[in-house]
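Here's the structure we're looking at; comments come further down.
Here is the naming used below: chain letters follow the sequence lines, and residue numbers restart at 1 for every chain. Worth saying up front: this structure is predicted, and the values here are computed from it rather than measured.
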Number of protein chains: 2
Amino acid sequence: MKQVFIKDIAEHAGQEVCLKGWVRNIRHSGKLVFIILRDGSSEIQAIAFKPDMSEETFERAKRLTLESSVVITGVAKPHPKNEAQYELSVSNVEVFQLADEYPIGKKEHGPDFLLSNRHLWIRSSKQWASDLIRHTVYFAICEYLNNNNFFRFDSPILTPNACEGTTTLFELEYFDEGQAYLSQSGQLYLETGIMSLGRVYDFGPVFRAERSKTRKHLTEFWMMDAEAAWVEHDENMQIQEELIRYVIRKVLDTCAKELQILERDIDALKATDAPFKRMTHHDVIEYLRAKGSEITHGSDLGAQDEVMLTEGSPVPVFVERWPKEIKAFYMKRDPQNPDLVLGNDLIAPEGFGEIIGGSQREDDYDLLLARMQAESIPIDDYRWFLDLRKYGSVPHSGFGIGLERLVAWMSGTHHIRETIPFPRMIYRIYP
Amino acid sequence: MKQVFIKDIAEHAGQEVCLKGWVRNIRHSGKLVFIILRDGSSEIQAIAFKPDMSEETFERAKRLTLESSVVITGVAKPHPKNEAQYELSVSNVEVFQLADEYPIGKKEHGPDFLLSNRHLWIRSSKQWASDLIRHTVYFAICEYLNNNNFFRFDSPILTPNACEGTTTLFELEYFDEGQAYLSQSGQLYLETGIMSLGRVYDFGPVFRAERSKTRKHLTEFWMMDAEAAWVEHDENMQIQEELIRYVIRKVLDTCAKELQILERDIDALKATDAPFKRMTHHDVIEYLRAKGSEITHGSDLGAQDEVMLTEGSPVPVFVERWPKEIKAFYMKRDPQNPDLVLGNDLIAPEGFGEIIGGSQREDDYDLLLARMQAESIPIDDYRWFLDLRKYGSVPHSGFGIGLERLVAWMSGTHHIRETIPFPRMIYRIYP
């Protein structure tokens, strides 16, 4: 009989169906065995009642172990107390494999044990829910961009140059061509793409060989970089805000069950669907100092500053117009104040920190060259990047979103390592 | 005035609109200047007629150079001889940047020159069309999978072990954890994912440090790996066939203009939308030998064999049930013949070669362990993979599609290096 996915069970009410999955939980009581069956799409309670089947089948059901793989046949019925929920009245149970004693039990496990057993831990309800939210966020981002004239333009991972020093770069030998580096961002390549396609984005893994052990750092993570011709600083922030709002609404609309499993504060998430705040870096420093921080003008924001900044704010906060010394060479100078650049970060509420970095880009050849020289960037290696300012330069802007940080915020997950199937950290590359 | 994208011009017929883009081509004749303007979304002919504007504006239009970036205002009008096509009757031209003499001209350039100027070459019509087809193929694959109960499950790029020897692996130092390798396939990780999500796929870059210089090899390319619980060999091929058919139809439906620019043989592509052929490896060898090949049973197919096999076939050909010696350790033995495995390749017609490799996977712990030992795979490093056969093993299958090869076939592009924005090959890592 053809497999029915549990999520589609309501379409088969009253019919005999065949479900295929794993035993999430099992208990028995007299003539009844209650099996929580999961199949990846959802879960259902299957009830085996001894008089409905052979002695042998009932015994088979009773002896099932956690995580055993089974094919269960039965009739789908609405739950007597909750019509929206379905149960399966079992007629047959076939065991594909009776699982060994499952190492992840009901007792608490430390993170090291769980991470070493990540290949099994991903089956738990919370990890399952987190993966589905990741899937949803990924495609919500793509949908928004595809609907707004952006095209995918995959930038390379293997890159020949170390733009901003090699300290946080993974390095490897590339045949006879010397050293190559794993990309930290596709942005510079995307700037070539806008000259062909107008608006482009990439969405793939990037790498940072950072010796950080915070709950917000991975050495391998997924980044979406977007870049758009003819878009300037204000419109750039507007696109970012619309995109994040699109993601929030999509998650709220389609992931109610997953959010519930993760015990996400739904009201807090709903409250973010309102106009985001915009503050200049200067005003942010003033604000933080007034709240008692000792941060100075000209400083980057640390994790604690980000928390203090968004405390009490239901919506994310844009921090814009940064001192040029603490931002990248390619950001465009603020025409109103040449000490600043037209960059922005977006800081999520509830302590989830920075989720976007963006800016308008320097489009003038001479200004860009001067800035690169001042920062000792090897000009010859970046001739191709400078070429973009010689052959039809345009005003343009872009931004990057860290997928895991956005998923952590949407799902209310404290530690970013749970938002990616196989996290890579300084002391963790297995499994 | 707000930018209108050229692809949407028909919605603004008779109105004054503002277009922003680059000069693809320009010629003038008396009181007329004809500008081919491209903006990434499409192209349009803009006609500047001297009496319609100031002397200064007309002179500005006349002096435009190839690839200059411009903002052109004018009225959108249907072409007098072709109502489906639009022209712009120009009222104003603003130049953002007058481009230097553009290095890619109308004369023929060699591949080395074009690849060294890839950051500019991507602007040419054919490269633009190829990128759009890549975008379309990427999302057609995702759509099909998302509609068929598959979820994204990103497998890691940084992996601790060298499963099948290190000769074609890129290697790097991973902090104090020793050597790490860039992934060649996420398949083994996807097998963990099906136990949580039922059906999963990844879609990202993979890496092969191969010293190959053929037109079908890249060192960095994009791969979609899919894996499904409870799916066996025949259904696995059925899913592959449906997926490829979905992609073909999507490309035919939405990329007519791009296919025309690339001079793709549309009839050949349409002809592939029919049931695919299925042949066993054994029968393929017999068939090739009957056609004069000297290939022997037990041999893999070379590029020439693939061409000969599909000659005269309008549709792709599945080659299934391979000798186990020439296929990977994780493939399930054919229950009808233990010398064979339930693997399949899919060979595209018109000489485009292998585009899919797939198989049912060995789901029995003892048989898998024996096979791994026989192939000297370091068992301890793959305990996690073996665990999947201890805790609820299920029959399962999967397959991998090389994005660039599929795009090359769809677009009729001879050399795979033109199907990815920045190709990486043995002698090529710049720009």
Query raised in the report: chain A: which of B:Q97, B:K7, B:R383 shares the most heavy-atom pairs with it under 4.5 Å?
Result: B:Q97

Requested in this report: Start with the C-alpha gap between A:Y174 and B:R428, add the side-chain angles, then the distance that decides, and say whether side chain to side chain contact (heavy atoms under 4.5 Å, CB included) holds.
Outcome: CA-CA 10 Å; A:Y174 193 82; B:R428 170 70 54 194; 6.0 Å; no

**Report entry** Region of A:Q127 that comes under 4.5 Å of a non-hydrogen atom in chain B
**Finding:** neither

**Report entry** Test item: B:R118 and A:Y189 side chains (from C-beta on) under 4.5 Å apart, heavy atoms
**Finding:** no

Requested in this report: Would you name the heavy atoms of B:H119 and A:L388 that are closest together and state the gap between them?
Outcome: O-CD2, 4.4 Å

**Report entry** A:K20 and B:V394: CA distance, side-chain angles, deciding distance, side chain to side chain contact (heavy atoms under 4.5 Å, CB included) verdict
**Finding:** CA-CA 9 Å; A:K20 300 182 178 184; B:V394 290; over 6 Å; no

Query - Proximity breakdown for A:F5 and chain B, heavy-atom pairs closer than 4.5 Å - result: side chain

Query - Sidechain-backbone polar pair: A:E220 side chain, B:L158 backbone, donor-acceptor under 3.5 Å - result: yes

Query raised in the report: Is chain A contacted by the side chain of B:F153, its backbone, both, or neither, given a heavy-atom distance below 4.5 Å?
Result: both

Requested in this report: Answer whether the closest heavy-atom distance between the side chains of B:L197 and A:L132 falls below 4.5 Å.
Outcome: yes

**Report entry** Residue pair B:P205 / A:P205, side-chain heavy-atom distance below 4.5 Å
**Finding:** yes

Query raised in the report: Out of B:V70, B:L98, B:D364, B:T136, which one racks up the most heavy-atom pairs below 4.5 Å with chain A?
Result: B:V70

Report task. For side chain to side chain donor-acceptor pair (under 3.5 Å), just list the numbers for B:S69 and A:Y391, CA-CA rounded to whole Å, side-chain angles, deciding distance to a tenth of an Å, and then say yes or no. Result -> CA-CA 8 Å; B:S69 46; A:Y391 306 110; over 6 Å; no

Query raised in the report: If every non-hydrogen atom of A:Y427 is compared with every non-hydrogen atom of B:D176, which pair is closest and at what distance?
Result: CE2-OD2, 4.4 Å

Report task. Under 4.5 Å heavy-atom distance to chain B, tell me which part of A:W128 shows up: side chain, backbone, both or neither. Result -> both

Report task. Pick whichever of A:P421, A:S155, A:A99, A:G198 has the most heavy-atom pairs under 4.5 Å with chain B. Result -> A:P421

Report task. Please state whether the side chain, the backbone, both or neither of A:V95 comes within less than 4.5 Å of a heavy atom of chain B. Result -> neither

**Report entry** Proximity breakdown for B:P395 and chain A, heavy-atom pairs closer than 4.5 Å
**Finding:** both

**Report entry** chain B contact via A:Y201 - which portion, at a heavy-atom distance below 4.5 Å
**Finding:** side chain

**Report entry** When A:G21, A:G204, A:G178, A:S124 are compared by non-hydrogen pairs under 4.5 Å with chain B, the top option
**Finding:** A:G21

Requested in this report: Give, as side chain, backbone, both or neither, the part of A:D381 having an atom under 4.5 angstrom from any heavy atom of chain B.
Outcome: backbone

Query - Winner by heavy-atom pair count (cut-off under 4.5 Å) against chain B, out of A:D131, A:V23, A:L172, A:N149 - result: A:N149

Report summary line: Answer key: most heavy-atom pairs under 4.5 Å with chain B among A:E67, A:Q3, A:E177 is A:E177

Report task. Counting only heavy atoms closer than 4.5 Å, note whether A:Y138 contacts chain B via side chain, backbone, both or neither. Result -> side chain

Report task. Measure A:F422 against the heavy atoms of chain B and call it side chain, backbone, both or neither at under 4.5 Å. Result -> both

Query raised in the report: Any donor-acceptor pair under 3.5 Å linking the side chain of B:W22 with the backbone of A:G392?
Result: yes

Query raised in the report: Which region of A:F203, side chain (C-beta onward) or backbone (N, CA, C, O), has a non-hydrogen atom less than 4.5 Å from a non-hydrogen atom of chain B, or is it both or neither?
Result: backbone

Query raised in the report: Hey, are the side chains of B:T159 and A:I429 touching, using non-hydrogen atoms and a 4.5 Å cut-off?
Result: no

Query raised in the report: Side chain, backbone, both or neither: which part of B:V200 has a heavy atom under 4.5 Å from chain A?
Result: neither

Report summary line: Applying a strict 4.5 Å limit to non-hydrogen atoms, the region of A:R38 in contact with chain B is side chain

Query raised in the report: Between A:S116, A:P103, A:S41, which has the largest tally of heavy atom pairs under 4.5 Å with chain B?
Result: A:P103

Query raised in the report: Between A:E171 and chain B, which part of the residue has a heavy atom less than 4.5 Å away: side chain, backbone, both or neither?
Result: backbone

Requested in this report: Tell me, for A:L182 versus chain B, whether the close heavy atoms (under 4.5 Å) come from the side chain, the backbone, both or neither.
Outcome: side chain

**Report entry** Beyond-backbone contact of B:N117 with A:W384, side-chain heavy atoms, under 4.5 angstrom
**Finding:** no

Requested in this report: Taking only Lys NZ, Arg NE, NH1 and NH2, and the carboxylate oxygens of Asp or Glu, determine whether B:D154 and A:R134 approach each other closer than 4.0 Å.
Outcome: yes

**Report entry** Closest heavy-atom pair and its distance - B:R123, A:M195
**Finding:** NE-CB, 3.4 Å

Report task. Indicate yes or no: at least one non-hydrogen side-chain atom of B:T219 is less than 4.5 angstrom from one of A:F175. Result -> yes

Requested in this report: Would you mind checking which part of A:S68 comes under 4.5 Å of any heavy atom in chain B, side chain (CB onward), backbone (N, CA, C, O), both or neither?
Outcome: backbone

Report summary line: Of B:I194, B:I420, B:N146, B:L120, the largest count of non-hydrogen pairs under 4.5 angstrom with chain A goes to B:N146

Report task. Give the member of B:R211, B:E101, B:R152 that has the highest number of heavy-atom pairs under 4.5 Å with chain A. Result -> B:R152

Query raised in the report: Is there a side-chain contact between A:F139 and B:C142, using heavy atoms and a 4.5 Å cut-off?
Result: yes

Report summary line: Heaviest contributor of heavy-atom pairs below 4.5 Å to chain A, chosen from B:A209, B:A229, B:A180, is B:A209

**Report entry** Under-4.0 Å salt bridge between A:R199 and B:D39
**Finding:** no

**Report entry** Atom of A:S196, atom of B:I122 and distance for their closest heavy-atom approach
**Finding:** OG-O, 2.8 Å

Report task. Determine the option with the most heavy-atom pairs under 4.5 angstrom with chain B, choosing from A:E173, A:E191, A:E210. Result -> A:E210

Query raised in the report: Is any side-chain heavy atom of A:R424 less than 4.5 Å from a side-chain heavy atom of B:P160?
Result: yes

Query raised in the report: What do the steps show when you test A:D100 against B:R389 for salt bridge (Lys or Arg N to Asp or Glu O under 4.0 Å), and what is the final call?
Result: CA-CA 10 Å; A:D100 286 7; B:R389 280 71 180 170; over 6 Å; no

